[in-house]
There are 2 protein chains.
Amino acid sequence: MSRKTEQTRARILQATLDQLASASPEKTRVSDIAKAAGISRQALYLHFPTRAELLIAATKHLDAQVDIDASLAESRAAATGEARLSAFIRAWAAHIPVIYPVGRALMAMQDTDPEARAAWADRMAAVRHGCAAAVAALARDGRLRDDLSEDRATDLLWTLLSVRVWEQLTRDCGWSEAAYLAEITRQARAALLSA
Amino acid sequence: MSRKTEQTRARILQATLDQLASASPEKTRVSDIAKAAGISRQALYLHFPTRAELLIAATKHLDAQVDIDASLAESRAAATGEARLSAFIRAWAAHIPVIYPVGRALMAMQDTDPEARAAWADRMAAVRHGCAAAVAALARDGRLRDDLSEDRATDLLWTLLSVRVWEQLTRDCGWSEAAYLAEITRQARAALLSA
DNA sequence: CCGTCAACTTGACACAGTGTCAAATTATCG
DNA sequence: CGATAATTTGACACTGTGTCAAGTTGACGG
């Protein structure tokens, strides 16, 4: 892959993210993205075989830029389970708005494209993994609600932290991100911690 | 509107609900529904102008069949705010699986069709109204968390009871409906009630 | 300075699904 | 039975994705 190919590829990916962020993701067409990248629609297909793969690649491109692992470092380093839970929620709450535009596009494709479905499921599985780690830390401290298995607790936390919940609270209900963070943290503690 | 027209209309609506329930709603085409109803695709368009309107009509048809108001009677009759909350959640939890297939189809169209969006938003607004009533009853009893406005509390309950949350817990996580009901009720109490 | 090869453009087309139209046919109802 | 409403058949426009082929541009090595 030549220097130029790589440059164009990056340009397309950036144009994809820009376009998704500015217009409603669902009605962003391949031709819109190509135009934003300054190439023809057909040229875009020389780099990415399908719309779904383009979106998936854009997600990875975004990941490479933001380095989610760094923001999770605080969570991993936490001394107690409770601290770990708080730090995890804080990191994730800060991350959602970043991935939301492309996430929305990917979610909208879930029904029609199995690849997009798998890609999004994969990312959500990573979040679930983080939830599970926080739950395990709580359990280790003996702070997990005793009528809840770790699996159930993970399901609950994962659902509480889902993009859909964030979307409804911040977009439909108009909550600020700070209000979301505060209330969801409280909610997660109420859901998981023993009395 | 003649007898026959009404019969056909009802047959189409029922076929729509059946089809939506048996196949994945997003990929149920107008032609599939017409076939299930035993008429031609074009004949279906004589009764419903667009796919969106058909889905909306199917939702109303379903409503007429199930009589949601009756199941909410217990909630409205509740003596205390807490009883009202529990009864409301119970009624809604029983109702979600019923409306889920058509709701899923409507949700999938939200991005492309403004009418479908409005129709679904309207139904969700009705749920929100029920949430608000339960919250108001709690407030009247002085049982509402004092650091929460009624609006905020309603937002929270409404989100907790959203179809997406139900979907994730019961479909993705495999929770039984009973488990969903128990945990969401607990969650709602933890979210709203003062200590 | 000139080929060559890769990247890109232009324009055409197939395909699926929605929605529209007109003409012919079949039911239904008074 | 006859008028009219309901339905069928078949064709077509439109949108967006994805494919294909032929021609153009430009960078780079010899």
Side-chain angles (χ1 to χ4, degrees), chain A residues 1-16 19-20 23-58 102 104-117 119, chain B residues 1-16 19-20 23-58 102 104-117 119:
Chain A
M1 203 183 292
S2 74
R3 161 73 66 54
K4 175 157 193 197
T5 296
E6 253 174 293
Q7 279 179 347
T8 305
R9 198 185 144 88
R11 202 148 41 85
I12 294 171
L13 258 14
Q14 197 52 52
T16 304
Q19 203 64 19
L20 254 27
S24 65
E26 303 82 10
K27 45 178 69 170
T28 298
R29 294 157 299 194
V30 172
S31 53
D32 295 329
I33 295 170
K35 190 181 294 178
I39 60 171
S40 67
R41 188 175 67 92
Q42 289 79 348
L44 195 153
Y45 279 109
L46 296 174
H47 296 268
F48 303 95
T50 64
R51 188 176 185 278
E53 298 236 31
L54 169 60
L55 257 31
I56 294 167
V102 66
R104 206 172 140 190
L106 235 29
M107 286 190 286
M109 291 196 74
Q110 280 203 102
D111 310 314
T112 56
D113 192 297
E115 275 204 79
R117 179 176 199 79
Chain B
M1 203 182 289
S2 75
R3 160 74 67 51
K4 174 154 196 203
T5 296
E6 253 174 292
Q7 280 180 350
T8 306
R9 196 185 146 89
R11 201 148 42 85
I12 293 171
L13 258 14
Q14 197 51 54
T16 304
Q19 204 63 21
L20 254 26
S24 64
E26 303 81 12
K27 47 177 69 170
T28 298
R29 294 158 300 195
V30 171
S31 54
D32 295 329
I33 295 170
K35 190 181 292 178
I39 60 170
S40 68
R41 186 175 69 92
Q42 289 79 349
L44 196 152
Y45 279 109
L46 296 174
H47 294 268
F48 303 96
T50 65
R51 187 177 186 277
E53 297 236 31
L54 169 60
L55 257 32
I56 293 166
V102 64
R104 206 172 140 192
L106 235 28
M107 286 190 287
M109 290 196 75
Q110 281 204 100
D111 311 313
T112 57
D113 192 297
E115 275 202 80
R117 178 175 200 80

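Lettering follows sequence order; numbering is per chain, from 1.
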Using whole Å, what does the distance between atom [atom2] of nucleotide [N] and atom [atom1] of [X] come to?
X: B:K35; N: D:dT8; atom1: NZ; atom2: P; answer: 14 Å
X: B:I12; N: D:dT7; atom1: CD1; atom2: C1'; answer: 11 Å
X: B:D111; N: D:dG16; atom1: CG; atom2: C1'; answer: 16 Å
X: A:Q19; N: D:dG16; atom1: CD; atom2: C1'; answer: 16 Å
X: A:L46; N: C:dT9; atom1: CG; atom2: C1'; answer: 10 Å
X: B:L55; N: C:dT18; atom1: CG; atom2: P; answer: 11 Å
X: A:I33; N: D:dG16; atom1: CD1; atom2: C1'; answer: 13 Å
X: B:Y45; N: D:dT8; atom1: OH; atom2: P; answer: 15 Å

Assign each of B:R41 and B:G38 to its nearest nucleotide of DNA chain D by heavy atoms, then name whichever residue's nucleotide is nearer the 5' end.
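Per heavy-atom nearest nucleotide, the more 5' residue is B:G38.
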5'-most contact on DNA chain D: A:T28 or A:Q42, nearest heavy atom basis?
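Upstream on the strand: A:T28.
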Below the 4.0 Å mark, does [N] have OP1 or OP2 next to a side-chain nitrogen or oxygen of [X]?
X: B:H47; N: D:dA6; result: no
X: A:T8; N: C:dC8; result: yes
X: A:T5; N: C:dA7; result: yes

Quick one: does [X]'s side chain get under 4.5 Å of [Y]'s, heavy atoms only?
X: B:L13; Y: B:F48; value: yes
X: A:H47; Y: A:T8; value: yes
X: A:Y45; Y: A:V30; value: yes
X: A:I12; Y: A:T16; value: yes
X: A:M109; Y: A:R51; value: yes
X: A:R104; Y: A:S24; value: yes

Once base and sugar-phosphate atoms are separated, protein heavy atoms under 4.0 Å mark nucleotides 25-30 of chain C, 5' to 3', with B, S and - as --SSS-
When you measure from the side chain of A:R51, which nucleotide among C:dT18, C:dT10, D:dG18 comes out closest?
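Selected nucleotide (nearest to the side chain): D:dG18.
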Would you mind telling me which of D:dT19, C:dT18, D:dT17 lies closest to the side-chain atoms of A:R29?
D:dT17
So, are B:K35 and B:D32 salt-bridged, with charged N and O less than 4.0 Å apart?
no
Base, sugar-phosphate, or nothing: which does A:I39 touch, judged by heavy atoms less than 4.0 Å apart?
sugar-phosphate
